[in-house]
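Right, one structure below, let's go through it.
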Amino acid sequence: MGECQGKETPVIGRFRGPYGFLSNFYPAKLTYDGLTYCNAEAAYQAQKCRDPRQREAFSRLYGDEAKHRGRQVAVRPDWEEEKVAVMAGVLAAKFGQNPHLARWLAETGEIPLREGNPWGDTFWGVDQRTGEGENHLGRLLMALRAGYRQTGLPTGPLCPEARFRAPDGLVLTDREITQMETDCIVHGSDRTLCREDWTFALAGGPALEAACQGLGGCAPGEARLTPGYDLPAAFVLHTAEPVYGREAEALLGQCYTACLDLARARGFSRIVFPPLGTGKACFPKAKAACIAVEAVRGWLAAHRDCGLAVEFSCTDQRSYDCVRAALAGETL
């Protein structure tokens with residue numbers, strides 16, 4: 001899994017792409033010191049607060065938002081002495097409560113982990129221009145990785161699930177879709193069905209990636225099926241998302257109905273959707289949520305005897321809030 005910097009020494013030097021799960025900004029929910037956060041950065045920045053009552057304000061923030069807010073709070077007097085220990089605790093919670101991330105960390109083997117950055121942070125990472133830095137984040141991750149080799153991978157307990165059930169039975173969860181045991185999950189991609197999605201690539205394994213390449217692509221609003229391979233889900237429905245502002249918005253609704261048609265044809269009993277269109281396709285999250293709920297409810301109304309349970313999975317906090325509001329008939 002290592003990327004090579006130089007001719008001989010393999011180093012993971014950027015916590016991006018396939019190594020994005022190493023970043024504190026990665027959307028991995030965790031509970032730390034009695035509060036639940038959407039990512040490690042928010043949990044870490046919250047601990048800066050001189051007044052513990054301010055920490056709850058970080059619980060629903062993205063990493064960049066939390067970092068910005070952390071610059072504005074009154075900082076506890078012992079912060080400089082304690083911040084490395086706090087980060088170690090936050091990372092232990094992140095990976096301990098998300099065992100699939102711990103497995104991915106362990107799979108990096110002995111490769112050095114160095115968070116290279118262009119903005120000159122030489123405490124947590126290294127300066128990409130000079131290669132200098134203390135690399136405390138990389139060191140903590142490597143220490144955690146070494147601990148897993150000695151004691152084994154964590155098995156939980158998982159961070160508590162946020163779950164909402166609408167009156168008509170549609171369910172929303174914040175569980176990571178690639179970790180859900182079900183008949184089928186949905187993967188939003190582009191026309192080639194080979195767009196890089198590192199979460200799916202890491203969780204599904206090389207066989208799933210090869211299967212996507214063999215599908216031959218499809219038009220926006222259509223869907224194709226592959227086995228789940230290394231995923232807990234038995235099958236994956238791959239759909240080509242339309243691009244917001246370039247293609248008809250109605251095609252996004254057709255992504256949902258095409259997947260539902262295929263799931264029904266295969267006799268599946270449960271299907272889980274992510275918030276389609278909200279990534280590289282650039283749909284506003286509230287609009288995408290309304291399209292999703294309307295399309296699914298319309299299809300279920302036309303197929304009342306299908307016996308298909310439908311769920312939405314949103315690890316992204318804003319997408320979760322938008323889908324929940326759409327399911328409840330509320331306006332954000």
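In terms of heavy-atom proximity, R145 sits nearest to A106 at CG-CA, 4.2 Å. For G253 against A295, the heavy-atom pair with the smallest separation is O-CB, 3.7 Å. Closest approach of S189 to C194, counting heavy atoms only: OG-N, 3.7 Å. For L300 against C306, the heavy-atom pair with the smallest separation is CD2-SG, 4.1 Å. Heavy-atom minimum distance, V323 versus C314: CG2-SG, 3.8 Å.
We find that D321 and K285 are not joined by a salt bridge, their nearest charged nitrogen and carboxylate oxygen being 4.0 Å or further apart. Under a 4.0 Å N-O distance rule, the pair E181/R175 does not qualify as a salt bridge. Under the 4.0 Å criterion applied to side-chain N and carboxylate O atoms, R69 and E41 are not assigned as salt-bridge partners. Under the 4.0 Å criterion applied to side-chain N and carboxylate O atoms, D174 and K29 are assigned as salt-bridge partners. We find that E115 and R16 are joined by a salt bridge, their nearest charged nitrogen and carboxylate oxygen being less than 4.0 Å apart. Residues D33 and R55 are paired through a salt bridge, judged by an N-O separation under 4.0 Å between the basic side chain and the carboxylate. Electrostatic pairing of E56 and R53 does not count as a salt bridge here, judged by no charged N lying under 4.0 Å from a carboxylate O. Ion pairing between a basic and an acidic side chain is recognised when a charged N comes within 4.0 Å of a carboxylate O; E222 and R224 show such pairing.
Within 6.0 Å of the NE2 atom in H303, the count of heavy atoms belonging to other residues, nucleotides or ligands exceeds 12.
Defined by atom type and a distance below 3.5 Å, a donor-acceptor pair is present between the side-chain atoms of D261 and W299. If you check the side chains of T173 and E161, you find a donor sitting under 3.5 Å from an acceptor. Between the side chains of D183 and S269, at least one donor N or O sits under 3.5 Å from an acceptor N or O. For the 3.5 Å distance criterion, the side chains of T36 and T31 qualify, holding a donor opposite an acceptor.
Rounding to the nearest 0.5 Å gives a distance of 8.5 Å between CG of L141 and OG1 of T108. A distance of 7.0 Å separates CZ in F123 from CD in E80, rounded to the nearest 0.5 Å. Between the NZ atom of K287 and the SG atom of C322 there is a distance of 12.0 Å, given to the nearest 0.5 Å. Separation of atoms CH2 (W119) and CG (N117) is listed at 4.5 Å; rounding is to 0.5 Å. Remark: I185 CD1 to C259 SG distance equals 11.0 Å, nearest 0.5 Å. L144 contributes atom CG, which lies 10.5 Å from atom CG of L22 (distance to the nearest 0.5 angstrom).
Using a 4.5 Å heavy-atom cutoff, the side chains of Y62 and R318 are in contact. When side chains are defined from C-beta on, F21 counts as touching L202, because their heavy atoms get closer than 4.5 Å. Looking at heavy atoms from C-beta onward, V186 lies in side-chain contact with P274 at the 4.5 angstrom threshold. Inter-residue side-chain proximity for P10 and P112 is flagged as unmet; no heavy-atom pair is nearer than 4.5 Å. Counting heavy atoms from C-beta on, the side chains of M142 and N135 come closer than 4.5 Å. Residues V236 and H238 meet the side-chain proximity criterion, which asks for heavy atoms closer than 4.5 Å. In this structure the side chain of K48 reaches within 4.5 angstrom of the side chain of Q45, judged on heavy atoms. A heavy-atom distance below 4.5 Å is not found between the side chains of T278 and D316.
Counting only distance, with no hydrogens or angles, the side chain of D230 and the backbone of A201 share no donor-acceptor pair below 3.5 Å. Side chain of N39 to backbone of A42: a donor-acceptor contact under 3.5 angstrom is found. With Q47 contributing its side chain and A43 its backbone, the two residues share a donor-acceptor pair below 3.5 Å. Proximity of a side-chain donor or acceptor of E65 to a complementary backbone N or O of L61 within less than 3.5 Å is not detected. Between the R50 side chain and the P77 main chain, no donor and acceptor come within less than 3.5 Å of each other. With hydrogens and angles ignored, the 3.5 Å screen pairs no side-chain donor or acceptor of D78 with any backbone N or O of E82. A donor-acceptor pair is defined here as one N or O able to donate and one able to accept, closer than 3.5 Å; such a pair exists between the side chain of E176 and the backbone of T178. Distance alone, capped at 3.5 Å, is enough to place a donor-acceptor pair between the D197 side chain and the T199 backbone. Looking at R76, its side chain never comes within 3.5 Å of a backbone N or O of C49 through a donor-acceptor pair.
Hydrophobic clustering, with ILVMFWY side chains joined whenever heavy atoms are under 4.5 angstrom apart, keeps M180 apart from L308. Follow the hydrophobic side-chain contacts under 4.5 Å out from L327 and you reach L260 in the same cluster. Under a hydrophobic-cluster definition in which Ile, Leu, Val, Met, Phe, Trp and Tyr are linked whenever side-chain heavy atoms come within less than 4.5 Å, directly or via other members, Y148 and L158 are assigned to different clusters. W104 and F200 fall into different hydrophobic clusters, defined by Ile, Leu, Val, Met, Phe, Trp and Tyr side-chain heavy atoms under 4.5 Å apart, directly or through other members. I177 and L237 fall into different hydrophobic clusters, where Ile, Leu, Val, Met, Phe, Trp and Tyr are joined by side-chain heavy atoms under 4.5 Å apart, directly or via other members.
Y256 has its ring centre less than 6.0 Å from the ring centre of F273. Ring pair W124/Y44: centre-to-centre distance below 6.0 Å.
The only option from T182, T226, L225 that meets the side chain to side chain contact (heavy atoms under 4.5 Å, CB included) definition with F235 turns out to be L225.
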Please report the C-alpha distance between F283 and L276 in whole Å, then the side-chain angles of each, then the deciding distance to 0.1 Å, and finally whether the side-chain contact (heavy atoms from CB on, under 4.5 Å) criterion is met.
CA-CA 9 Å; F283 271 76; L276 294 172; over 6 Å; no
Give the intermediate values and the outcome of side-chain contact (heavy atoms from CB on, under 4.5 Å) for residues V171 and R163.
CA-CA 7 Å; V171 171; R163 190 172 179 87; 3.5 Å; yes
Worked check of side-chain contact (heavy atoms from CB on, under 4.5 Å) between L113 and L137:
CA-CA 9 Å; L113 308 178; L137 180 58; over 6 Å; no
side-chain contact (heavy atoms from CB on, under 4.5 Å) between R103 and L153: does it pass, once the steps are laid out?
CA-CA 7 Å; R103 175 170 58 85; L153 293 174; 4.0 Å; yes
Please evaluate residues D168 and R297 with respect to the criterion salt bridge (Lys or Arg N to Asp or Glu O under 4.0 Å), reporting the C-alpha separation (whole Å), side-chain torsions for both, the decisive distance (0.1 Å), and the verdict.
CA-CA 9 Å; D168 60 0; R297 282 181 168 156; 2.5 Å; yes
